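The shown structure was predicted, so the numbers you read here are calculated from the model rather than taken from an experiment.
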Amino acid sequence: MSTQVPANTQAEPADDEQAENRKLPIPALLALATAVFVTCLTETIPAGVLPAMSADLGVDESAMGQSVTIYAIGTALTAIPLTLATAGWRRRRLLLTAMAAFAVANTVTALSTDYALTMAGRFVAGVAAGLAWALLAGYARRMAPVPLQGRAIAIVMTGIPVALSLGVPAGTFLGREFGWEVAFLAMTVLALIVIAWITATLPDHPGQRPEGRTRIVGALSVPGVTPVLFVTFVFVLAHTVLYAYIASYLDHLGMGRSTDLVLLVFGIASMVSIWIVGARIHHTPRALTIGSSLLVAVAAAGLGLLSDGHLPVYAAAALWGLGWGGVPTLLQTAVADAGGEQADAAQAMLVTLWNMAMAAGGVVGGVLLGVLGAESLPWSVLILMVPVLAVVVAARTHGFPLRRR
């Protein structure tokens, strides 16, 4: 993906940039960004209301943490087969179907008083996420001129840091003040708004013809794809082990009522991170990926060593957000660059592995919480970040090259 201006243009760079910017369908891209927001927030909102959910549904917090796991399993199991099965569907119809599934799943989660039914609702939400993530980046590319496709994707992906910086703290606040059910019902309302917005602004596109569809497994043979996929799995696993149980960890520190504020600090730092990554990713993606990995490792070490006071926890949350916020953009760009003509297949595999890592993180974090206690969570993150850094540094020719193609 390149955002450079073509070399043969006759316009001045600033004028050319303004002319190209006018070609970006901003209302439609913002509709997609809001769809990303719904997807990301539905995925992460249990982290802020986990103790209340577990109390109301009569299960312990480790069991309730599997609401993140089952969501991820829904995505991991269905992203590739559903992407292949619906490849011929018109794109807007498919995206609207995914958003409608989010509305249904969040409503079921909000109204359910049964743990099994709640988990079924979360599984359906994960299936909807698999459909949505397979569509969103490609939809953004098709709506933008070639020189601005990277910028269009960046606009759409702002839904991630906004969800982390504003959505999760807001959902945590709603859950604390009015009940966790209200937070999920608010997500239903937002999904319905997005459905109307997509209908009004998004152009429709046909699906793929049978002869143009991508062979998924073939991407693994492309140099550089495997290192990126490995880093994706382990990095997301490390993040999820702690993030899924952040409310429980803060309860352990006596900061349970500050969960929304800690998540707000994390989210604001994530927004700063994605802004930095968006500004520099075309030039220094390898350095940014190494820096992100180091920041998350340092934040985990800080939480493990300096968690006796509130200020160090907020500082560690800020470092964590600075490290994590740009990671989705960095890894999506890395796998697209490495994949070349197989980029779509590599992207589908990245989505699947991302959610497998989330599922594994929910399980591993729950086991650690139950067996070793909450204090083990940041140390597990630090341990997992060691192979992440090693692979990123080693993959200097393909995957995370010294010079971007």
Side-chain angles (χ1 to χ4, degrees), residues 32 35-47 64-87 89 91 94-109 118-139 156-157 159-160 163-164 167-168 184 187 191 194 214 216-217 219 228-241 243-244 324 327-329 331-332 335 344-366:
L32 292 180
V36 170
F37 177 91
V38 170
T39 303
C40 183
L41 188 53
T42 299
E43 170 189 325
T44 55
I45 199 169
M64 200 65 249
Q66 304 316 304
S67 62
V68 176
T69 303
I70 197 69
Y71 178 104
I73 289 174
T75 301
L77 291 180
T78 62
I80 290 176
L82 277 181
T83 297
L84 295 174
T86 59
W89 287 32
R91 302 293 90 182
L94 189 56
L95 185 55
L96 288 172
T97 300
M99 291 297 108
F102 274 115
V104 171
N106 281 318
T107 302
V108 169
T109 303
T118 298
M119 298 296 274
R122 293 291 295 169
F123 182 84
V124 171
V127 173
L131 275 178
W133 280 117
L135 283 168
L136 290 164
Y139 222 133
V156 171
M157 291 303 155
I160 297 174
L164 294 173
V168 176
F184 282 97
M187 292 302 302
V194 172
T214 305
I216 299 293
V217 178
V228 177
L229 294 179
F230 175 86
V231 168
T232 297
F233 182 84
V234 182
F235 207 146
V236 176
L237 174 65
H239 168 76
T240 306
V241 162
Y243 193 86
W324 175 254
V327 167
T329 302
L331 294 178
Q332 284 180 333
V335 84
D344 287 345
Q347 177 69 29
M349 297 183 73
L350 182 141
V351 170
T352 299
L353 280 175
W354 189 289
N355 285 277
M356 288 175 64
M358 286 180 54
V363 173
V364 171

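Closest of all the heavy-atom pairs between Val68 and Pro46 is CG2-CB, 4.2 Å. Considering all non-hydrogen atoms of both residues, Thr39 and Ala129 come closest at CG2-CB, 3.9 Å. Residues Ala132 and Met99 approach most closely at CB-CE, 4.3 Å, considering heavy atoms. Heavy atoms only, all atoms of each residue included: Gly121 and Ala105 are closest at O-CB, 3.3 Å.
With rounding to the nearest 0.5 Å, the separation of CD1 in Ile45 from OG1 in Thr109 is 10.5 Å. The structure places OH of Tyr71 at 8.5 Å from OG1 of Thr44, a figure rounded to the nearest 0.5 Å. Rounded to the nearest 0.5 Å, atoms CE (Met349) and CZ (Phe233) are 13.0 Å apart. The CG atom of Leu331 lies 7.5 Å from the CZ atom of Phe235; values are rounded to the nearest 0.5 Å. Distance CG/Leu237 to CG/Leu353: 11.5 Å, rounded to 0.5 Å.
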Anything under 3.5 Å between a donor and an acceptor, one on a side chain of residues 357-366, the other on a protein residue two or more places apart or in another chain? List them.
none

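Residues passing the side chain to side chain donor-acceptor pair (under 3.5 Å) test with Thr42, sequence neighbours excluded: Asn106. Legend: residues meeting side chain to side chain donor-acceptor pair (under 3.5 Å) with Gln66, ordered by chain and number and at least two apart, are Thr69, Tyr245. A search for ring-ring contact (aromatic ring centres under 6.0 Å, His included) contacts involving Phe102 returns nothing, not counting sequence neighbours. By the side chain to side chain donor-acceptor pair (under 3.5 Å) test, Thr240 pairs with no residue at all, sequence neighbours left out. The side-chain contact (heavy atoms from CB on, under 4.5 Å) search around Leu82 returns Thr78, Val127, Leu131, not counting sequence neighbours.
Side chain of Thr232 to main chain of Trp354: no donor-acceptor pair is present (N/O by atom type, distance under 3.5 Å, no hydrogens or angles). Checking side-chain atoms of Arg122 against main-chain N and O of Glu43 turns up a donor-acceptor pair under 3.5 Å.
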Using the rule given for side chain to side chain contact (heavy atoms under 4.5 Å, CB included), can you reason through Val124 versus Val108, listing the C-alpha separation, both sets of side-chain angles and the distance that settles it, and then say yes or no? CA-CA 10 Å; Val124 171; Val108 169; over 6 Å; no
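Between Tyr243 and Trp324, the distance separating the two ring centers is not shorter than 6.0 angstrom.
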